[in-house]
*Asks:* 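Quick one: the structure is below, and I'll ask about it shortly.
So you know, we letter chains A, B, ... as the sequences are listed, proteins then strands, and number each from 1. Worth knowing before you read on, the calculation uses all heavy atoms, side chains too, and leaves out hydrogens, waters and symmetry mates.
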Amino acid sequence: MSKPKIAIFDFACCEGCQLQIVNLEEELLDLLGGADVVEWREAMSEKCDEYDIAIIEGSITRLEDEERLKLIRSRAKILIALGACATIGGINKLKNNFDDLDEVKKCVYGKDANKPHLATQPTKAVDEVVQVDAYVHGCPIDRKEFTYIMRCLLMGKEPEIPEYPVCVECKAKGNPCLWEYGQVCLGPIIRAGCGARCPSNGFRCFGCRGYIDNPNVDAAKDVIDKFGLNIDDLKTKMVLFGSRQEPTIHG
Amino acid sequence: MSVKKIAKKDFVEFVETLIRKERVFGVQAKGDRFDFAPLESAQDLRLDYDVTLQPPKKFFQPPAEVLMTFEVGGGYQSQYDDEPFVLLGVHPYDMVAINQMDELFSQDNYDTHYMTRRNNATIVACDVAKPSENVFASSMGTAVVKSGYDVLLTDIGDSYVCEAATEKGEKLMAAAKKAVPADDAALKSREAVWAKNKKGLNRHELKCDPAYLPKLLAKAYKHPVWEERAKTCFSCGSCNQVCPTCYCFNVQDDVNWDMKTGKRERAWDGCLLDGFTKVAGEHEFRKQRADRFRHRIYRKGMYVPEKIGGQIACVGCGRCVAACLPDIANPVAVYNRLIDDLGIG
Amino acid sequence: MGKTVNVNVHHITRVEGHGNIVVNATDGKIEKVEWQVPEAPRFFEAMVRGRSYEDIQTIVSRICGICSITHSLASTKAVENAMGFEVSEQSDEIRILMHYSEQMQSHILHVGYLVAPDLFGMPSVVPLVAKAPDAVKAIIRMHRLANEWSDLIAGRTTHPVTLKPGGLTKIPTAKELRGLQDRLKENLPVLKAIAEVVLSVADNLPDFTRETEYISLKQDDPRTYTFYHGEIASTDYDGTVAINDWKTVANEYVVDQSTAKWTKWHRDSYAVGALARFNNNAELLSPTAKAVAKMFGLEKGNCSPFMNNVAQLVECVHVVETSIEMIDKLLTKGLKDEKVKVSPKAGKAGGCVEAPRGILFHEYEFDRKGNCVGADICIPTNQNHANIQKDFEKMVPEILDEGEDAVRQKLEMLVRSYDPCISCSTHMLDVEFVK
Amino acid sequence: MCQCCAEKKDIYLPELATVMDAKAMNVTERYLRLAMDDGPFDFVPGQFVEVSVAGIGEAPITISSSPTQNGGFELVVRKVGNVTKAIHNLNKGDKLGIRGPLGDGMYPVDEAKGKNVVFICGGIGLVPQRSFVNYVLDNRDDYGEVTILQGTKEYDQRLFTDEVAAWDKRDDVQMLETIDLPDKRWKSNVGVVTKLIPMIKSELKSAVVLVCGPPVMYKFVLMSLEEHEVPHENIFLNLERKMKCGVGKCGHCQINSTYTCMDGPVFRYSDLATMPEAI
Ligand SMILES: Cc1cc2nc3c(=O)[nH]c(=O)nc-3n(C[C@H](O)[C@H](O)[C@H](O)COP(=O)(O)OP(=O)(O)OC[C@H]3O[C@@H](n4cnc5c(N)ncnc54)[C@H](O)[C@@H]3O)c2cc1C
Ligand code: SF4
Ligand code: SF4
Ligand code: SF4
């Protein structure tokens, strides 16, 4: 059997997730042992239109990018969304909170805002444009999880991505809970798989992996009350990576 | 077996020699909390701790462990963590929990992975010197412990009474050259500590004898408390993860890059987590939060006791009380609520 | 008869982000020489609006994966300046260690993975594995070290999570720092070996210079080769400019051929980056770093953009050597668990640090509750765009006779030597495709 | 390793078995005949094995053959997820890992002796039941009248059609089959399996009734059996739960206090009275 061909494409993002692939160091050579990377603009000059697995980094913010993504989808057997920008729209979705996108443009471009080439549309995650076969969550992705997912796909197995929240991994690490230290941590409603990296470093979970399937936002409200905080403290944290996504907090 | 007394400063010295000889884990400060960690200096050992963040179960059933390796088509090879170690500072309630786990992992089907670690351990238990904010060991009858440990330490002021309970314990304490046989006064002081703890480790008071809990639960299955509490349950499983008597696990395979060899791992799981009972085809047997919430309380108060001869599987460490953000996990609060509604007897 | 050359590099590879190179020359007559940036605009200045001062770092870190620590530090400093938060000396030093890890990460990535293939005449680092296995192994080793270093102090290799306004959320233990120090000591010779390898192929760097103004940070008290503290300095100017006055330096302006905002100070363009720092501060480098510079004959006042690659290597050595010393200092003083408690205030200020690819300005304004009401970010690659264009304009006539392939190759190398971080620079700009 | 552990076997460690025969039964079900590489394999109808595909994982699968049949043991696997998909890729000669037989809750092979036996199967529920059906037929004289009810959703999902036809031909077996959503090819009963219960010729009240099918089926079958006054002690249900260890540790298959893997998978209905989560 010939090695599957992998192509990596980037859209609107910081390219930090591709960087994590580079950061695999020696393991990257292992990956290259199991698959041929045929296109990867950030790291190599080769280009190719034939591939089995397309890895998509970044979110979709322009019509022309939607077209390009659809073309990639039509060529690839498996399409992977890599990182928060691709899986949930990531930080780029913050701009969707402005009801009027013109306002966004004005804020950055001032009087030039109406030039036609500045056309932008609300940020979309990859699966809002095409079908996605596998998700690698996180901002940036977790290298261990990425390699696990790649091995699964190369083996024809569906990777097991946690359905449970970050607290599970946080507790397994033996961390004291950050809420007790005054931080508004989104751990209880965000999908695990990162090894509770942020809470383990004393930094609240800000939700880069997206919500679990069935987050209990009512409970979150209760906790806000318990710690004498305001619901806005929670909302403003949830908006960072969760703009215009379910669940929304009312009240 | 012998009961000795050792001055605190001599004990530090003893621990120092121990560290040089053996793999030692002990309770240490972690920020303003405490936890078990590899002990590098006797100075770091904190036997005056209130409660550890994680229960000592992680030494016998780690958060993740390799059960076996395999070669595709070539068979499976058991993997064991087979290095002896000393565990310093296990509180009585945690010791009771370990005793229960020993029973659960050895009865019916003997779990060689758990038991290898367990048999490799020399456990130095120590009586509680400072009650934690949520402990209720007194209510559960686990404030003092009589078995399971190799050595039991009791802080009686400027020295420890140390009782070696097993051969292993005797051997360990033999290195404590400055220990002297415990005199009557020391033993009396120890009795006093026990008497105090039997009553004093009780920040939440259970309104019945724990032995009554299975009977209480037998009539509480349809009680509204499950719905009421679970309404604000995150299904975060924190109550499972921090509990010294929770041991459910998940098993997963992973291959190496050669795609031919790999390992099978098990990792902590939790019955509160969404998907715990979900089978292929998306059917989930305890789909409702309330069902899962109830299951945990029943498991502690009824199911496990049925399996291991009556001992309630909540030892009153209070960790879940502290870990539960919406403040619903406290077993005493649940039991007391049921007692209020359903009465005793 | 002059040559006819048409170069159209759509999305130059092995750089961070998307950029195009367009050269049209007919019969030796140059019609068009352009450096373009078609990256999707991302509107960060709008996205931070209304967000809490606590979350600014988390957001702006995402401007760029390669310089995420730098963006985090610059924004955190700006928040601290705006609200008047004090940062302890210990926090400062650990932050600098964190910052160094990113310099190293980024420089090694750039020189080792992105530039080395050019020097060896390869399309990417993948085939290089077969051609120069030892060199690639050494590069991977250093890159791994840099990443583990950043993991330890920033909590991650990308998008740090140990920073907070006023200090740090977590500091490494003495044992961890000692471990890091050992690794740094062990690997200093590996860095030198990499420098030797680069030296052996340095002849493949095009021979090109152009008088340029170089701008970077400069720190006087104490005199240090700085990435983190200090004020703005220029090779064309004797004094220094305060950070809050950064706009008098950057002088952002709009040109017809591009909507990308360009910058200039004393000349039509200026350059930032490792070479700029070197040209302003070379005498303050660590001893081994100086020795490596000497190896390449790199001296203050060098105006070859291609030498930026070498200056990056020199800086790698510098940050490793300096970190070894800093860890000693930290450990001698003893690590303290500092409790940082801050509360928001209204205010406006800038924050500045050196990104691996040059000086970076962040500026924010906050209301009483600490919510952001205004932001301005000026990124190093942006500051280099004009200079790249000016280099193109001087270089193309000099090399036009070498033919299309050579022109393309050399211009690509030129762009790469600036280590552009285009995804950064397009936080606020967009350019039309020129077909 | 310590003495006491060294003497014990690793309860999680699979032993190797070889695929002797494998074939597709339809789009989703695959039949496999296996033989252990080392030593014999003794089991009782109703028991299951944990099947390992290295690198993919483990899945509990009931033994479908009867111990009275020689030459290894048979499994039928429905493709639903990772492990079952991987099992579908196995062919004659391939190796896989087996733990078991597991499960102390087996079919009441002795208790049913001398009594009428009624099998009620829904869909893939036929697979485990088949083990006991063939056991009974191979020891035909030991049992009373034998009735087999089989309900299938669609024509193409019918399993063991040859065997079912053979049972149908026998005079000493009442074989009734129905299809929920039939097409033109089907000329017999239409509807859910409970519809067949009134058609049972033998006396139900004293019969041993064995039920296996999808979770939704149980409620309706039990209601019907209730109407026919079958005592709960005589009804046996084959229950399915998520399983990770199969040896009573992992907690996934727990139904109230009971572990499906240890006390089941076959349960006496009267014992389920204390297990509100069971049905
Ligand atoms: C006692 C028993 C006997 C069974 N007998 C058969 C049989 O004869 N033929 C057949 O096709 N199927 C049988 N099943 C169901 C079969 O075990 C599942 O379909 C299978 O585990 C799905 O695994 P998967 O990896 O393909 O699916 P995934 O969805 O990838 O499942 C992942 C893991 O979850 C667990 N799991 C998921 N679904 C189930 C389930 N339904 N039951 C138990 N664990 C599950 C397993 O541990 C599995 O490895 C039986 C189940 C039990 C409990
Ligand atoms: S710190 Fe966050 S992730 Fe950790 S337990 Fe608390 S809420 Fe959960
Ligand atoms: S149920 Fe709670 S209090 Fe009881 S042992 Fe478990 S964690 Fe401790
Ligand atoms: S009871 Fe509390 S700790 Fe347990 S899962 Fe629910 S919210 Fe989490």
*Asks:* Looking only at heavy atoms and a cut-off of under 4.5 Å, which of B/Cys233, B/Gly237, B/Ser235 has the most pairs with chain A?
*Replies:* B/Cys233

*Asks:* Taking side chain as everything from C-beta outward and backbone as N, CA, C, O, which of these in A/Asp30 sits under 4.5 Å from a heavy atom of chain B? Side chain, backbone, both or neither.
*Replies:* both

*Asks:* Under 4.5 Å from any heavy atom of chain B, what part of A/Glu160 do you find: side chain, backbone, both or neither?
*Replies:* both

*Asks:* Does A/Glu26 have more than 12 heavy atoms from other residues, nucleotides or ligands lying within 6.0 Å of its CD?
*Replies:* yes

*Asks:* Side chain, backbone, both or neither: which part of B/Asp274 has a heavy atom under 4.5 Å from chain A?
*Replies:* both

*Asks:* To the nearest 0.5 Å, what is the distance between NZ on A/Lys221 and OG1 on B/Thr232?
*Replies:* 12.5 Å

*Asks:* Test side chain to side chain contact (heavy atoms under 4.5 Å, CB included) on A/Leu154 and B/Met259; report intermediate values, then the result.
*Replies:* CA-CA 9 Å; A/Leu154 292 177; B/Met259 301 283 158; 3.9 Å; yes

*Asks:* So how far is it from A/Asn214 CG to B/Phe234 CZ, rounded to the nearest 0.5 Å?
*Replies:* 12.5 Å

*Asks:* What part of B/Ala230 lies closer than 4.5 angstrom to a heavy atom of chain A: side chain, backbone, both or neither?
*Replies:* backbone

*Asks:* Are there over 12 heavy-atom neighbours, none belonging to B/Gln77, within less than 6.0 Å of that residue's CD?
*Replies:* no

*Asks:* Go through the structure and list residues passing side-chain hydrogen bond (donor to acceptor under 3.5 Å, both in side chains) with A/Lys171, not counting sequence neighbours.
*Replies:* none

*Asks:* Inspect the surroundings of CD in B/Gln79 and state if more than 12 heavy atoms from other residues, nucleotides or ligands are less than 6.0 Å away.
*Replies:* yes

*Asks:* Hey, which of A/Asp213, A/Asp225, A/Ile212, A/Asn175 has the most heavy atom pairs under 4.5 Å with chain B?
*Replies:* A/Asn175

*Asks:* Give, for atom CG of B/Leu272 and atom SG of A/Cys167, the distance between the pair rounded to the nearest 0.5 Å.
*Replies:* 12.0 Å

*Asks:* Please give me the minimum heavy-atom distance between B/Leu273 and A/Val168, naming the atom from each residue.
*Replies:* CD2-CG2, 3.6 Å

*Asks:* Within a reach of under 6.0 Å around CD of A/Glu158, are more than 12 heavy atoms found that belong to other residues, nucleotides or ligands?
*Replies:* no

*Asks:* Answer whether the closest heavy-atom distance between the side chains of B/Val255 and A/Lys157 falls below 4.5 Å.
*Replies:* no

*Asks:* By a 4.5 Å heavy-atom criterion (distance strictly below it), what part of A/Pro165 contacts chain B: side chain, backbone, both, or neither?
*Replies:* side chain

*Asks:* Which heavy atom of A/Ala172 sits nearest a heavy atom of B/Gln241, and at what distance?
*Replies:* CB-OE1, 3.9 Å

*Asks:* If I measure from the heavy atoms of chain B, does A/Lys173 come under 4.5 Å with its side chain, its backbone, both, or neither?
*Replies:* backbone

*Asks:* Could you tell me which portion of B/Val242 (side chain, backbone, both or neither) has an atom closer than 4.5 angstrom to a non-hydrogen atom of chain A?
*Replies:* side chain

*Asks:* Applying a heavy-atom distance below 4.5 Å, give me the residues of residues 318-328 of chain B that approach chain A, sorted by number.
*Replies:* B/Ala322, B/Ala323, B/Cys324, B/Leu325, B/Pro326, B/Asp327

*Asks:* Return the set of residues passing side-chain hydrogen bond (donor to acceptor under 3.5 Å, both in side chains) with B/Asn256 (not counting sequence neighbours), or none when no residue passes.
*Replies:* B/Thr261

*Asks:* Go through the atoms of B/Lys278 and report whether side chain, backbone, both or neither lie under 4.5 Å from a heavy atom of chain A.
*Replies:* side chain

*Asks:* Quick one: what part of A/Glu169 sits under 4.5 Å from any heavy atom of chain B, side chain, backbone, both or neither?
*Replies:* neither

*Asks:* Anything in residues 132-153 of chain A with a heavy-atom distance to chain B below 4.5 Å? Please list those residues in order.
*Replies:* A/Thr147, A/Tyr148, A/Met150, A/Arg151

